[in-house]
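Reading through the structure tokens given below for one structure.
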Amino acid sequence: KRHKFWESQPVGQFKDLGDTSLPEGPIEAPTPLSEVKQEPYNLPTMYEWITCDIDSDEMCTKVYNLLANNYVEDDENMFRFNYSKEFLRWALRPPGYFKSWHIGVRVKSSKKLVAFITGVPARIRVRDEIVTMAEVNFLCVHKKLRSKRLAPVMIKEVTRRVHLENIWQAAYTAGIIIPTPITSCQYWHRSLNPKKLIEVGFSRLGPRMTMSRTIKLYRLPESTVTPGFRKMGLHDVPAVTHILRNYLSRFVVAPDFSEHDVEHWLLPTEGVIDSYVAESSKTHEITDFCSFYTLPSSILGNKNHSTLKAAYSYYNVCTKTPLLQLMNDALIVAKQKEFDVFNALDVMNNDTFLKELKFGPGDGSLHYYLYNYRIRHTLKPSELGLVLL
Ligand SMILES: COc1cccc(CC(=N)NC(=O)c2cccnc2OC2CCNCC2)c1
């Protein structure tokens with residue numbers, strides 16, 4: 001398949017798959033900062049670049065509305081991600097973030113925001129190398145401006161601004177296959193509110209299943225079972241960082257989280273991120289940890305429901321409690337918080353609980369990519385320890 005743009009970029013090329021003579025690591029060397037293009041790429045005449053200050057409620061609302069109306073839909077165009085403003089502020093302002101990497105395109109005359117792309121800095125370990133990368137996300141072009149080849153120029157502009165900060169690698173995901181996935185993950189869904197999921201067409205009643213039998217199948221206990229299971233607090237950051245770093249060290253690609261990163265990414269924020277620890281009553285040590293983020297979807301064209309409340313598995317670590325039991329407790333608290341569905345990818349050790357906890361396979365894949373970094377062999381999802389938002 002012709003990938004005009006991606007065949008011009010420093011990414012693994014399909015033709016290179018299997019060529020073990022190519023070294024693992026950066027594909028192109030950094031260029032001297034003086035040689036990085038100083039001015040923004042050209043846009044079609046009537047459009048201009050803007051840096052989106054998401055601290056401003058007005059700008060954050062414009063970004064929210066652009067995404068809510070034009071961002072990723074499922075394959076059957078029945079649902080569209082509906083990231084909240086609080087979620088966007090959390091996702092885009094981690095330690096060391098750059099405002100200049102929150103990039104918008106607007107119509108010069110009307111000042112209407114018509115496209116968006118972002119990067120946030122992250123230290124990512126690839127095998128034994130820790131690489132500071134940009135995590136690129138939220139690439140969105142207004143539905144009315146599709147096929148104007150805006151996406152390539154937005155990708156080049158975020159790349160240019162990342163280069164200006166002396167960062168030369170990036171990580172990103174997509175639901176489509178472009179050159180070249182480092183791994184391809186399956187997504188799985190665990191019904192929490194099966195009646196609503198069937199009403200809105202997210203799920204279908206199984207063969208030889210009635211609605212009441214289906215509701216009974218997915219029923220969960222009212223309360224969690226793990227002793228010492230409680231919400232994570234600020235004072236847990238050092239212990240959570242310790243067990244999380246140890247756990248993530250097992251994977252080929254994983255974030256290199258500091259305590260400061262854990263404080264940002266994993267401390268509970270209402271309606272954005274939920275995280276729980278299991279504290280031993282005897283030793284008071286933190287033995288386990290689970291977390292999920294809140295990403296609702298708009299339901300397109302259902303007369304009774306407008307929003308699907310979805311939880312997405314984030315990072316989970318077990319040192320004492322069986323992962324099956326810890327994740328069942330995560331399902332229980334998600335149900336208590338009235339989520340309709342709990343989603344997970346088959347990354348890390350998730351495949352050990354998905355089927356047993358009654359997750360069903362989703363109808364698509366999520367592909368992970370690195371920019372300007374070659375991985376010698378495509379990874380299995382279980383070798384990946386990175387969850388993007
Ligand atoms: C249910 O509403 C949807 C609205 C839009 C798209 C999809 C399907 C889909 N593409 N799902 C995922 O990509 C996905 C499924 C399970 C876990 N994480 C996921 O994506 C995350 C991570 C990548 N950025 C989007 C959120 C579903």
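Remember, it's 1-based here, ligands and their atoms both numbered in the order they're listed. All heavy atoms count here, side chains included; hydrogens, waters and symmetry mates do not. The structure displayed is predicted, hence computed values, not measured ones. We count residues from 1, following the sequence as given.
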Does the side chain of [X] pick up a donor-acceptor pair with the side chain of [Y] at under 3.5 Å?
X      : Y      : result
Asp288 : Tyr276 : no
Asn82  : Ser297 : no
Glu279 : Thr287 : no
His102 : Thr118 : no

If the cut-off is 4.0 Å to any non-hydrogen atom of [X], which atoms of ligand 1 fall inside it?
X      : value
Thr173 : 23 (C)
Glu73  : 5 (C), 6 (C)
Leu345 : 16 (C), 17 (C)
Leu295 : 26 (C)

So, do Trp265 and Trp90 sit near enough that their side-chain heavy atoms are less than 4.5 Å apart?
-> yes
Is the closest basic N to carboxylate O distance between [X] and [Y] below 4.0 Å?
X      : Y      : answer
Asp57  : Lys85  : yes
Arg89  : Asp55  : no
Asp340 : Arg190 : no

Using heavy atoms and a threshold below 4.0 Å, how should the contact between [X] and ligand 1 be classified: side chain, backbone, both, or neither?
X      : answer
Leu389 : backbone
Phe202 : side chain
Leu388 : backbone
Tyr314 : neither

Give me the residue, atom name and distance of the protein heavy atom closest to [atom].
atom                    : answer
atom 27 (C) of ligand 1 : Asp74 CB, 3.9 Å
atom 4 (C) of ligand 1  : Ser297 OG, 3.5 Å
atom 13 (O) of ligand 1 : Leu366 CD1, 3.7 Å
atom 17 (C) of ligand 1 : Tyr312 CD2, 3.4 Å
atom 21 (C) of ligand 1 : Tyr293 OH, 3.5 Å

Would a distance-only check, ignoring hydrogens and angles, find a side-chain to backbone donor-acceptor pair under 3.5 Å from Arg125 to Phe251?
-> yes
Nearest option to atom 26 (C) of ligand 1, as decided by whichever heavy atom of Tyr83, Phe79, Tyr187 sits closest | Tyr83
